Asks: 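Let me give you the structure first, and then I'll get to my questions.
Just so you know, these numbers come straight off a predicted model, no measurement behind them.
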Amino acid sequence: MSSDFEGYEQDFAVLTAEITSKIARVPRLPPDEKKQMVANVEKQLEEAKELLEQMDLEVREIPPQSRGMYSNRMRSYKQEMGKLETDFKRSRIAYSDEVRNELLGDDGNSSENQRAHLLDNTERLERSSRRLEAGYQIAVETEQIGQEMLENLSHDREKIKRARERLRETDANLGKSSRVLTGMLRR
């Protein structure tokens, strides 16, 4: 079951990497290729949404004690999907601005390019921060699960120790009763 989820995760990672790559290339393509690339990215975004729905269904089938970790991953993936959609919208806006500039004969200015570049870098940093935060959450959950397991093992160890002591006492009592019976048989 979790192997299905992991397969979906891998497919989602590959797909989002392709989408990110294509979104970054859109502004640099010739106009006819841009239209084709935009259509392709829209199609891949729909595929990514379908993968997220499949992953969400898989998470709902996971036992409740294991579901927390997968739920956090899903939140992270949904945030990443929202970020991709935002990036795509910006790319399309830049594309339409570029088409307008070509029609009007405006070359644009470098400060706008620098601003766009800074915005892209800021968004990448935010995305990386979200991923780090999600990784931290997973680490915290894993630590909590490990701590619970250690506590359970400690309780089990105590139970086993008590059972061993009772067994030794019973064995000693059986030995005494055997000696008493042997003594009674001799008399």
Asks: Can you establish whether the number of heavy atoms outside Gln36 located under 6.0 Å from its atom CD is more than 12?
Replies: no
Asks: Is Met184 close to Val180 at the side-chain level, that is, under 4.5 Å between some pair of heavy atoms?
Replies: yes
Asks: Taking all non-hydrogen atoms of both residues into account, name the closest pair between Ile62 and Arg67 and its distance.
Replies: O-NH2, 2.8 Å
Asks: Rounded to the nearest 0.5 Å, how far does CZ of Arg179 lie from CG of Leu181?
Replies: 11.5 Å
Asks: State the CG-CD1 distance between Leu150 and Ile145, to the nearest 0.5 angstrom.
Replies: 12.5 Å
Asks: Identify whether the distance between the nearest side-chain nitrogen and carboxylate oxygen of Glu133 and Arg130 falls below 4.0 Å.
Replies: no
Asks: Measuring only between side-chain heavy atoms, which start at C-beta, is Glu158 closer than 4.5 Å to His155?
Replies: no
Asks: When you compare the side chain of Asp87 with that of Arg127, does any pair of heavy atoms fall below 4.5 Å?
Replies: yes
Asks: Below 4.0 angstrom, N of the basic side chain to O of the carboxylate: do Arg124 and Asp120 qualify?
Replies: no
Asks: How many angstroms lie between OG1 in Thr16 and CD in Glu80, if you round to the nearest 0.5 Å?
Replies: 4.5 Å
Asks: Using a 3.5 Å distance criterion without hydrogens, assess whether the side chain of Ser21 forms a donor-acceptor pair with backbone atoms of Ala17.
Replies: no
Asks: Would you indicate whether the side-chain heavy atoms of Glu9 and Tyr77 approach each other to under 4.5 Å?
Replies: yes
Asks: Please examine the side chains of Lys78 and Met74, heavy atoms only from C-beta on, and report whether any two atoms are closer than 4.5 Å.
Replies: yes
Asks: For a salt bridge (charged side-chain N to carboxylate O under 4.0 Å, His left out) check, start with the C-alpha distance between Arg168 and Glu165, then their side-chain angles and the critical distance, and finish with the verdict.
Replies: CA-CA 5 Å; Arg168 286 184 186 140; Glu165 282 300 315; 3.1 Å; yes
Asks: For the atom pair OG1 (Thr122) and CZ (Arg115), what is the distance rounded to the nearest 0.5 Å?
Replies: 10.5 Å
Asks: Are Leu84 and Gln44 packed together at the side-chain level, in the sense that at least one heavy-atom pair is separated by less than 4.5 angstrom?
Replies: no
Asks: Where is the tightest heavy-atom contact between Ile19 and Ala48, given as atom of each residue plus distance?
Replies: CD1-CB, 4.3 Å
Asks: Please tell me if the side chains of Ile23 and Val41 come closer than 4.5 Å, counting only heavy atoms from C-beta onward.
Replies: yes
Asks: So, Thr142 side chain and Ile138 main chain: donor-acceptor pair closer than 3.5 Å or not?
Replies: yes
Asks: Using a strict 4.0 Å threshold on nitrogen-to-oxygen distance, state whether Glu85 and Lys49 make a salt bridge.
Replies: yes
Asks: Does atom CD of Glu143 have more than 12 heavy-atom neighbours, drawn from other residues, nucleotides or ligands, at distances under 6.0 Å?
Replies: no
Asks: So among Val38, Leu45, Asn40, which one has a side chain to side chain contact (heavy atoms under 4.5 Å, CB included) with Glu42?
Replies: Val38
Asks: Rounded to the nearest 0.5 Å, what separation is found between the CD atom of Glu126 and the NZ atom of Lys83?
Replies: 7.0 Å
Asks: Quick one: do Val14 and Glu18 satisfy side chain to side chain contact (heavy atoms under 4.5 Å, CB included)? Show the steps, please.
Replies: CA-CA 6 Å; Val14 169; Glu18 286 178 16; 3.7 Å; yes
Asks: Can you find a pair of side-chain heavy atoms, one from Asp56 and one from Arg60, that are under 4.5 Å apart?
Replies: yes
Asks: Search all heavy atoms of Leu174 against all heavy atoms of Ser177 and return the closest pair with its distance.
Replies: O-OG, 2.9 Å
